[in-house]
There are 2 protein chains.
Amino acid sequence: MASYQQLDRHLVAVDCIIIGFKDGQLNLLLIRRDLEPYRGEWSLMGGFLRAAESLDEAATRVLLELTNLSNVYLEQFHTFGSVDRDPGERILSAGYFALVDQVKASQQLSPDYSAHWVPLTDVPPLIFDHNEMVRLALRRLRHRAKHEPVGFELLQEQFTLSQLLKLYEAIFGQAIDPGNFRRRLRKMDYLEQLDQKDFKDSKRGAWLYRFDAQRYEQAYDQGIPFFLKP
Amino acid sequence: MASYQQLDRHLVAVDCIIIGFKDGQLNLLLIRRDLEPYRGEWSLMGGFLRAAESLDEAATRVLLELTNLSNVYLEQFHTFGSVDRDPGERILSAGYFALVDQVKASQQLSPDYSAHWVPLTDVPPLIFDHNEMVRLALRRLRHRAKHEPVGFELLQEQFTLSQLLKLYEAIFGQAIDPGNFRRRLRKMDYLEQLDQKDFKDSKRGAWLYRFDAQRYEQAYDQGIPFFLKP
DNA sequence: ACAAAAGTGTTTTTCTTACACCCATGA
DNA sequence: TCATGGGTGTAAGAAAAACACTTTTGT
């Protein structure tokens with residue numbers, strides 16, 4: 001077995017860009033940092049990588065600590081490795097973005113971190129390079145949303161097509177023609193129309209749908225990729 | 001300033017998936033590992049992250065050591081963080097893929113690593129999770145090649161449209177209609193047709209082109225994105 | 001003359017886009 | 001009855017796919 005005594009060892013963290021959606025708006029879950037330096041400043045939720053866990057496990061743990069959610073869409077998008085990104089000591093950080101059901105998450109937020117949702121269109125200055133992390137995560141989200149059915153992670157299990165439309169308008173930051181949007185969705189067999197309607201937003205009521213992951217897999221295997229654009 | 005005495009510190013490496021193109025084939029530059037365990041096995045070129053360098057700098061250095069090339073297209077695509085990916089000791093690794101001019105690189109390869117080019121369609125078993133790294137890198141390359149003009153990094157500065165066609169066929173692993181491919185390229189003003197022809201592959205000769213990065217930037221800023229598909 | 005690579009044109013079909021239109025219902 | 005959100009249909013145009021066709025030149 002090799003000996004690596006003489007090599008540099010590094011502190012490694014994970015930081016989570018936790019994204020939710022509510023009232024037609026994408027939101028980001030931030031905390032107030034409780035360590036020096038910059039105690040009390042806005043920060044992403046993060047944590048240090050432990051010897052016995054993988055990066056993915058660390059991100060999952062950190063997300064669980066704050067939101068008490070598991071089985072969440074979580075994707076590593078970039079590892080930030082500048083020498084001086086943290087002015088205190090050098091820390092590498094793997095950035096993960098998480099797509100959560102904001103309603104569910106809000107109900108069970110840990111009180112230990114002074115966490116708050118802020119609109120993704122209006123993110124305050126964050127510590128270190130966290131603003132850059134958010135920018136990159138958002139870019140990745142836009143891309144994923146186009147090519148993979150990840151949007152549903154941000155909605156309740158049952159949703160109306162209008163809600164989905166508003167979600168995509170928020171993600172892409174531009175208006176989408178409702179007629180054309182609906183037609184594209186109609187072709188997706190894996191969007192299952194339920195027998196219930198939602199009456200929150202209209203008198204007539206809008207049909208509720210759910211995303212059937214299993215049926216999507218089948219479609220995907222048959223070479224029908226997901227695609228939705230602005 | 002905070003004290004992080006009690007936290008776990010980690011060995012961090014970078015591994016480079018170095019991709020070249022020659023005679024209609026994509027190739028991968030591998031070395032014979034010179035450390036135990038697995039001395040002599042096929043491996044990606046890699047190196048440990050030093051205290052005073054960023055991840056990007058480490059990848060650049062590692063690439064330079066082997067190929068003596070700088071100013072190369074280099075992109076981080078994923079950081080691999082399983083606890084037991086290296087059976088010796090835990091090592092995190094940031095994966096970078098590099099697109100190089102294989103002709104140029106081959107001329108100046110460092111003799112210290114027993115490096116060899118192997119066809120990307122026929123990669124031998126590699127140490128650790130390196131095969132998985134290659135798989136992910138290739139997936140990312142396919143994506144980049146579609147949406148960004150990175151293919152040119154794999155060709156000499158001057159190239160014919162036939163060479164470009166063969167490159168894209170190799171990247172996507174499928175035949176492309178030459179007529180339609182040419183038409184798409186004709187619309188890209190940033191492909192500058194030179195006054196010379198190449199006579200290596202045909203008697204008639206094929207016009208040489210070069211990619212004008214500056215003109216591409218202009219087109220991009222005007223909202224004309226690069227797009228080429230199989 | 002003909003094989004082989006280089007390069008151009010044209011037709012057919014498919015997909016987008018833009019927008020007009022109908023439906024249901026509570027105030 | 002009319003404003004509002006929900007939902008469908010369609011005609012014009014753009015873009016992709018398929019493929020026939022011409023050019024050039026060494027053998």
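Worth knowing before you read on, the calculation uses all heavy atoms, side chains too, and leaves out hydrogens, waters and symmetry mates.
- With no hydrogens or angles considered, a side-chain donor-acceptor pair links B/Glu65 and B/Tyr113 at under 3.5 Å.
- Residues of residues 194-202 of chain B that place a heavy atom closer than 4.0 Å to DNA chain C, in numerical order, are B/Asp201, B/Ser202.
- Extent of DNA chain D lying under 4.0 Å from chain A heavy atoms, first and last nucleotide in 5' to 3' order, is D/dG5 to D/dT10.
- No contact: B/Thr160 has no heavy atom under 4.0 Å from any strand.
- Heavy-atom distances to DNA chain D give each of B/Pro230 and A/Leu161 a nearest nucleotide, and the one nearer the 5′ end belongs to A/Leu161.
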Please list every donor-acceptor pair under 3.5 Å in which a side-chain atom of residues 93-100 of chain B meets a protein atom from a residue at least two apart or in another chain.
from, atom 1, to, atom 2, distance (Å)
B/Ser93, OG, B/Asp15, OD2, 2.7
B/Tyr96, OH, B/Asp56, N, 3.2
B/Tyr96, OH, B/Asp56, OD1, 2.4

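- Checked for salt-bridge contact, A/Asp212 and A/Arg215 meet the test: a charged N lies under 4.0 Å from a carboxylate O.
- Taking a 6.0 Å sphere around OH of B/Tyr220, one finds it holds 12 or fewer heavy atoms contributed by other residues, nucleotides or ligands.
- Annotation: A/Tyr73, atom OH; neighbour count of heavy atoms from other residues, nucleotides and ligands within 6.0 Å is above 12.
- Across B/Arg184 and B/Lys229, no two heavy atoms sit closer than the pair NH1-O, 3.2 Å.
- A side-chain donor-acceptor contact under 3.5 Å links A/His143 and B/His143.
- Heavy atoms of other residues, nucleotides or ligands lying less than 6.0 angstrom from NZ of A/Lys22 number 12 at most.
- A salt bridge does not link B/Lys166 with B/Glu169: every distance from a Lys NZ or Arg NE/NH1/NH2 to an Asp or Glu carboxylate oxygen is 4.0 Å or more.
- With B/Trp42 as the aromatic partner, B/Arg33 does not meet the cation-pi criteria of under 6.0 angstrom to the ring centre and within 45 degrees of the ring axis.
- For the contact set between residues 170-188 of chain B and DNA chain C, defined by any heavy atom under 4.0 Å, the members are B/Gly179, B/Arg182, B/Arg183, B/Arg186.
- Here the side chain of B/Asn131 pairs a donor or acceptor atom with the backbone of B/Leu126 at under 3.5 angstrom.
- With sequence neighbours left out, A/Pro119 forms a side-chain contact (heavy atoms from CB on, under 4.5 Å) with A/Gln25, A/Asn27, A/Thr121, A/Asp122.
- Counting 5' to 3', DNA chain C first comes under 4.0 angstrom of a heavy atom of chain A and last does so at the ends given by C/dT16 to C/dG26.
- Summarising the local packing, CZ of A/Arg139 is surrounded by 12 or fewer heavy atoms from other residues, nucleotides or ligands at distances under 6.0 Å.
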